[in-house]
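Please see the structure below; I have some questions.
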Amino acid sequence: KYLNVARETILNSFKVKNYKVYFTGSSTEANNLAIKGYCYKHSNRGKHIITSIYEHPSVLEAFEFLKRELGFEVTYLPVSSVGKVDISNLQKSITDDTILVSIMGVNNEIGAINNIEEIANLLKSYPKIAFHVDAVQALGKIKQDYSNVDLITITAHKIHGPRGIGALVKRKNLRIKDIIFYDIFYKLTAG
């Protein structure tokens, strides 16, 4: 009952419909699930992904892993003098092989606020590209329109909740691949 109430509260805070909430152990886990899960599932559509140079380390490391281990091509967008992603640079970086763009809502170091709505509106013209937003620093602090964002990550402790709780808010019809497997280990060790 409490989990369902929490899920509804999260969805209402983002003002989104037709999304699901997956609880994780942290925003790092949620970022990895969103980025790796989407790329594993859709690498047959293309192997180019885009992020900015100012993302949280959990995002940057996930991108580096996909580049190093699975041969993805990564574009790291520069940011303006105030730490924001330039929409025209993003648009120029998109190729026929681009499948994912990941841009944080608010930078965790300098507080720069990216225009998530403008980026989402641009990406609507590219149906095979999913848009991921690390909204950890934005949740409860600024209003942004997430209705055209596919994957949103958050954490509880940034809004005075307990540590060790993150979440991935995912568009229901968007498919991702699981990245953590425990059933096999359990079956092998369970007697």
Side-chain angles (χ1 to χ4, degrees), residues 10-16 19 24 26-36 38-39 46 48-68 72-95 97-161 163 166-171:
I10 291 167
L11 294 174
N12 289 337
S13 72
F14 284 109
K15 296 180 174 56
V16 293
Y19 285 72
T24 61
S26 65
S27 56
T28 293
E29 185 181 336
N31 280 334
N32 274 268
L33 178 58
I35 294 163
K36 292 177 185 172
Y38 184 81
C39 289
H48 178 240
I49 51 183
I50 301 171
T51 192
S52 82
I53 61 170
Y54 270 12
E55 297 300 309
H56 187 270
S58 64
V59 170
L60 295 173
E61 288 296 324
F63 272 72
E64 276 299 305
F65 171 84
L66 290 166
K67 178 181 174 182
R68 181 180 64 249
F72 275 80
E73 179 189 348
V74 178
T75 297
Y76 294 98
L77 297 172
V79 294
S80 70
S81 61
V82 293
K84 295 182 182 184
V85 170
D86 181 279
I87 302 297
S88 62
N89 282 344
L90 171 59
Q91 188 165 22
K92 289 176 199 168
S93 299
I94 294 172
T95 72
D97 287 331
T98 307
I99 63 167
L100 177 71
V101 172
S102 179
I103 304 294
M104 64 175 36
V106 177
N107 182 277
N108 58 304
E109 297 289 335
I110 62 172
I113 300 170
N114 283 303
N115 190 330
I116 296 305
E117 184 176 2
E118 187 179 5
I119 295 170
N121 286 335
L122 166 70
L123 294 176
K124 280 192 328 188
S125 303
Y126 301 91
K128 79 174 184 179
I129 299 176
F131 183 27
H132 167 248
V133 175
D134 177 341
V136 166
Q137 299 293 339
L139 181 62
K141 298 174 184 95
I142 64 165
K143 292 183 188 265
Q144 291 183 319
D145 181 357
Y146 293 93
S147 60
N148 290 310
V149 176
D150 300 296
L151 301 153
I152 307 162
T153 54
I154 58 173
T155 190
H157 74 272
K158 295 293 184 178
I159 54 171
H160 307 292
R163 290 193 171 275
L168 171 61
V169 181
K170 181 188 78 63
R171 190 180 299 281

### Query
Any idea which heavy atoms bring Gln137 and Val106 closest together, and the distance?
CB-O, 3.5 Å

### Query
Under 4.5 Å between any side-chain heavy atoms of His56 and Val136, yes or no?
no

### Message
Check whether Thr98 reaches the backbone of Ile94 with its side chain - one donor and one acceptor, N or O, closer than 3.5 Å.
### Response
no

### Minimum heavy-atom distance between Ala138 and Gln144, given as atom pair plus value
CB-OE1, 4.0 Å

### Side-chain heavy atoms of Ile116 within contact of Phe131, under 4.5 Å
yes

### Message
Would you compute the distance between atom CD of Glu118 and atom CG of Leu90 and round it to the nearest 0.5 angstrom?
### Response
9.5 Å

### Task
Flag yes if more than 12 heavy atoms outside Tyr54 fall under 6.0 Å of its OH atom; otherwise flag no.
no

### Query
With a cut-off of 6.0 Å (strictly less than), are more than 12 heavy atoms of other residues, nucleotides or ligands near CZ of Arg163?
no

### Test item: Asn148 side-chain N/O and Asn121 main-chain N/O as donor-acceptor pair under 3.5 Å
no

### Query
Considering only heavy atoms from C-beta outward, does the side chain of Ile119 approach that of Val149 to under 4.5 Å?
no

### Task
Might you point out which heavy atoms bring Lys36 and Phe65 nearest each other, and give the distance in Å?
CE-CD2, 3.8 Å

### Message
How long is the straight-line distance from NE2 of His48 back to OG of Ser93, given to the nearest 0.5 Å?
### Response
6.5 Å

### Summary
Given the options Val79, Val133, Val85, Ile103 meets side chain to side chain contact (heavy atoms under 4.5 Å, CB included) only with Val85

### Query
To the nearest 0.5 Å, what is the distance between CG (Leu66) and SG (Cys39)?
5.0 Å

### Query
When the ring planes of Tyr76 and Phe63 are compared, do they come out parallel, tilted or perpendicular, using 30° and 60° as the limits?
tilted

### Query
Between the side chains of His132 and Asn31, does any donor sit under 3.5 Å from an acceptor?
yes

### Query
Side-chain contact, heavy-atom cut-off 4.5 Å: Ile50 with Ser102?
no

### Query
Quick check: does any side chain N or O of Ser27 sit under 3.5 Å from a backbone N or O of Ala30, one acting as donor and the other as acceptor?
no

## Note on the structure
Tightest non-hydrogen contact, residues Pro78 and Asn89, listed as CG-ND2, 3.9 Å

### Query
Which atom pair, heavy atoms only, marks the closest approach of Phe72 to Gly46?
CE2-O, 4.0 Å

### Query
Quick one: are Ile10 and Val169 in side-chain contact, heavy atoms under 4.5 Å?
yes

### Query
Is any side-chain heavy atom of Leu123 less than 4.5 Å from a side-chain heavy atom of Val101?
yes

### Task
Would you check if there is a donor-acceptor pair between the side chains of Asp97 and Thr95 at a distance under 3.5 Å?
no

### Task
Report yes if some heavy atom in the side chain of Leu100 is under 4.5 Å from a heavy atom in the side chain of Ile35; otherwise report no.
yes

### Check: Ile110 main-chain N/O paired with Asn107 side-chain donor or acceptor under 3.5 Å
yes

### Query
Taking the side chain from Arg171 and the backbone from Leu151, do they hold a donor-acceptor pair closer than 3.5 Å?
no

### Query
What distance do Met104 atom CE and Thr51 atom OG1 have between them, rounded to the nearest 0.5 Å?
8.0 Å

### Summary
Distance col, row Ile129:CD1 vs Tyr38:OH, nearest 0.5 angstrom, shows 8.5 Å

### Query
Which is it for Glu55 and Ser52 under the side chain to side chain donor-acceptor pair (under 3.5 Å) test, yes or no, and what are the steps along the way?
CA-CA 6 Å; Glu55 297 300 309; Ser52 82; 2.7 Å; yes

### Message
Can you give me the closest heavy-atom contact between Ile152 and Ala135, atom names plus distance?
### Response
CG2-CB, 3.7 Å

### Task
Please tell me if the side chains of Ile49 and Glu73 come closer than 4.5 Å, counting only heavy atoms from C-beta onward.
no

#### Entry: Cation over ring face, Lys170 and Tyr19, 6.0 Å, 45°
no

